[in-house]
K.L.:
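The structure's right below; bear with me while I get my questions together.
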Amino acid sequence: PHSDAPSPGRVGLRTPALAIGLLGISVLAGLVAYLPYSLSQFPVGIDAHWYSEKLQELASASSPLDVLLRDPHAIYLLFLYAIQSATQLSARGVMMWGAVALSVLLVLGTFFAVKETGQEERVSLLAASFGCVSAQTLVGTLASLYANWLAFAEMLFFFGFLLRAMRSSRRSDIIASVALSVAMMVTHPATWSVFMLALMIWLAMSALRARP
């Protein structure tokens with residue numbers, strides 16, 4: 001029989017209203033990340049000056065790859081360096097657009113992960129709206145904890161693909177979840193370690209609950 005219930009295995013934007021809602025939340029998330037840059041010449045944060053110095057070092061280095069290979073935040077620095085190379089913006093401008101992109105990525109990751117838990121799209125959209133003012137977004141912006149922020153967004157996408165893989169066993173979902181886990185580990189090992197510990201506990205509790 002026909003059912004109007006949402007399919008938990010799909011994340012399609014089925015109506016224009018939902019697409020507009022997700023776009024609006026993404027724009028709001030970007031504005032939240034942009035706000036500190038509009039209010040000061042440089043955002044306050046423990047890592048802000050470090051990223052600025054690294055971008056300047058990359059811009060002047062004869063071999064940017066050597067700089068990246070020596071750095072623990074190489075994944076996010078590579079992203080910033082790509083923006084800098086494509087736009088020729090100052091270090092401050094590059095960091096601003098990087099933060100905006102991270103904020104939007106976190107919103108999309110939240111929507112995807114919540115949707116894959118089986119929630120209907122309106123609930124997923126509501127959860128994504130909280131991502132605009134989440135602790136990760138606010139602390140990531142104001143403290144310039146960009147690599148940790150990226151790892152958190154990767155974690156959300158990883159969890160969504162993991163849930164898909166557990167339901168469908170499709171090779172593409174398995175590969176995506178493994179690739180995102182590796183990306184998270186390389187991006188911010190501490191975040192990866194804590195999340196993997198929590199994931200192991202969740203999997204163990206789920207297995208115990210499923211026992212007859």
Side-chain angles (χ1 to χ4, degrees), residues 23 25-113 128 131-159 176 178-196:
L23 177 61
I25 293 172
S26 298
V27 170
L28 178 60
L31 289 174
V32 170
Y34 169 77
L35 188 60
Y37 291 86
S38 67
L39 298 177
S40 66
Q41 288 299 310
F42 210 83
V44 176
I46 57 176
D47 285 351
H49 293 286
W50 181 87
Y51 278 106
S52 178
E53 292 169 2
K54 282 294 181 179
L55 282 170
Q56 292 173 9
E57 182 180 353
L58 284 168
S60 60
S62 57
S63 177
L65 182 60
D66 291 340
V67 178
L68 291 170
L69 290 176
R70 295 195 307 267
D71 199 278
H73 295 163
I75 296 295
Y76 190 65
L77 275 178
L78 180 61
F79 171 65
L80 293 182
Y81 182 63
I83 296 176
Q84 187 178 56
S85 300
T87 63
Q88 301 301 312
L89 289 171
S90 65
R92 182 178 181 277
V94 170
M95 291 168 61
M96 179 191 73
W97 286 112
V100 169
L102 285 177
S103 188
V104 173
L105 192 64
L106 185 70
V107 162
L108 297 178
T110 302
F111 176 84
F112 177 64
C132 297
V133 290
S134 67
Q136 187 64 47
T137 296
L138 298 178
V139 175
T141 302
L142 298 177
S144 303
L145 302 179
Y146 301 127
N148 175 268
W149 196 356
L150 175 59
F152 196 86
E154 291 168 343
M155 178 192 73
L156 291 168
F157 283 102
F158 162 76
F159 188 61
V178 171
L180 284 162
S181 176
V182 172
M184 186 182 5
M185 179 179 64
V186 176
T187 301
H188 203 275
T191 300
W192 178 85
S193 300
V194 173
F195 175 69
M196 285 300 155

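Remember, predicted model here, so these are calculated numbers, not experimental data.
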K.L.:
Report yes if some heavy atom in the side chain of Met196 is under 4.5 Å from a heavy atom in the side chain of Trp192; otherwise report no.
P.N.:
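Yes, at least one pair of side-chain atoms sits under 4.5 Å.
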K.L.:
Using the side-chain hydrogen bond (donor to acceptor under 3.5 Å, both in side chains) criterion, which residues pair with Gln84? Sequence neighbours excluded.
P.N.:
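Partners of Gln84 by the side-chain hydrogen bond (donor to acceptor under 3.5 Å, both in side chains) criterion come out as none, since no residue qualifies.
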K.L.:
Considering residues at least two apart in sequence or located in another chain, which fulfil the side chain to side chain contact (heavy atoms under 4.5 Å, CB included) criterion with Leu78?
P.N.:
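Leu78 satisfies side chain to side chain contact (heavy atoms under 4.5 Å, CB included) with Leu68 once adjacent residues are dropped.
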K.L.:
In this structure, is the centre-to-centre distance between the rings of Phe79 and Tyr76 below 6.0 Å?
P.N.:
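Yes, ring centres under 6.0 Å apart.
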K.L.:
Taking side chain as C-beta onward, heavy atoms only, is Cys132 less than 4.5 Å from Thr137?
P.N.:
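Cys132 does not reach Thr137 side chain to side chain.
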K.L.:
Who are the salt bridge (charged side-chain N to carboxylate O under 4.0 Å, His left out) partners of Glu57, not counting sequence neighbours?
P.N.:
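Scan of Glu57 (salt bridge (charged side-chain N to carboxylate O under 4.0 Å, His left out), adjacent residues dropped) gives Lys54, Arg70.
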K.L.:
Could you walk me through whether Ser52 and Gln56 pass side chain to side chain contact (heavy atoms under 4.5 Å, CB included), step by step?
P.N.:
CA-CA 6 Å; Ser52 178; Gln56 292 173 9; 3.5 Å; yes
K.L.:
Among residues at least two apart in sequence or on other chains, which ones pass side-chain hydrogen bond (donor to acceptor under 3.5 Å, both in side chains) with Ser26?
P.N.:
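With neighbours one apart ignored, the set is empty.
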K.L.:
Taking ring pair (Phe, Tyr, Trp, His ring centres under 6.0 Å) as the definition, give me every residue that meets it alongside Tyr81, ordered by chain and number, with sequence neighbours left out.
P.N.:
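Ring pair (Phe, Tyr, Trp, His ring centres under 6.0 Å) check on Tyr81 returns nothing, list empty.
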K.L.:
List in chain and number order the residues that pass side chain to side chain contact (heavy atoms under 4.5 Å, CB included) with Val139, two or more places apart in sequence or in another chain; answer none if no residue qualifies.
P.N.:
Ala143, Leu145
K.L.:
Residues two or more places apart in sequence or in another chain: which of them pass side-chain hydrogen bond (donor to acceptor under 3.5 Å, both in side chains) with Asp47?
P.N.:
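Expected list: none.
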K.L.:
So which heavy atom on Ser144 is nearest to which on Tyr51, and how close?
P.N.:
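Of all heavy-atom pairs spanning Ser144 and Tyr51, the closest is O-CE1, 3.6 Å.
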K.L.:
Below 3.5 Å, can you tabulate the donor-acceptor pairs from side chains in residues 95-110 to any protein atom, sequence neighbours excluded?
P.N.:
from, atom 1, to, atom 2, distance (Å)
Ser103, OG, Ala29, O, 2.7
Thr110, OG1, Leu106, O, 2.8

K.L.:
For residues 149-159, which residue pairs qualify under side chain to side chain donor-acceptor pair (under 3.5 Å), counting only residues two or more places apart or in two chains?
P.N.:
Glu154-Thr187
K.L.:
State which residues pass ring pair (Phe, Tyr, Trp, His ring centres under 6.0 Å) with Phe158; sequence neighbours excluded, sorted by chain then number.
P.N.:
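In terms of ring pair (Phe, Tyr, Trp, His ring centres under 6.0 Å), with neighbours along the sequence ignored, Phe158 is linked to Phe195.
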K.L.:
With sequence neighbours left out, what residues match Val186 under side chain to side chain contact (heavy atoms under 4.5 Å, CB included)?
P.N.:
Ile75, Val182
K.L.:
Once side chain to side chain contact (heavy atoms under 4.5 Å, CB included) is applied, do any residues pair with Ser193, and if so which ones, sequence neighbours excluded?
P.N.:
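Once residues adjacent in sequence are excluded, Ser193 has no partner under the side chain to side chain contact (heavy atoms under 4.5 Å, CB included) criterion.
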K.L.:
Out of Asn148, Leu156, Thr141, which one pairs with Gln136 under the side-chain contact (heavy atoms from CB on, under 4.5 Å) rule?
P.N.:
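Single side-chain contact (heavy atoms from CB on, under 4.5 Å) partner of Gln136 among Asn148, Leu156, Thr141: Asn148.
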K.L.:
Please find the pair of heavy atoms, one from Ala91 and one from Leu55, that lie closest to each other, and give the distance.
P.N.:
O-CD1, 3.9 Å
K.L.:
Minimum heavy-atom separation for Ser38 to Arg92, with atom names?
P.N.:
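Closest pair (atom of Ser38, atom of Arg92, distance): N-NH2, 4.4 Å.
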K.L.:
Looking at every heavy atom in both Leu77 and Leu58, which two are closest together, and how far apart are they?
P.N.:
O-CD1, 4.3 Å
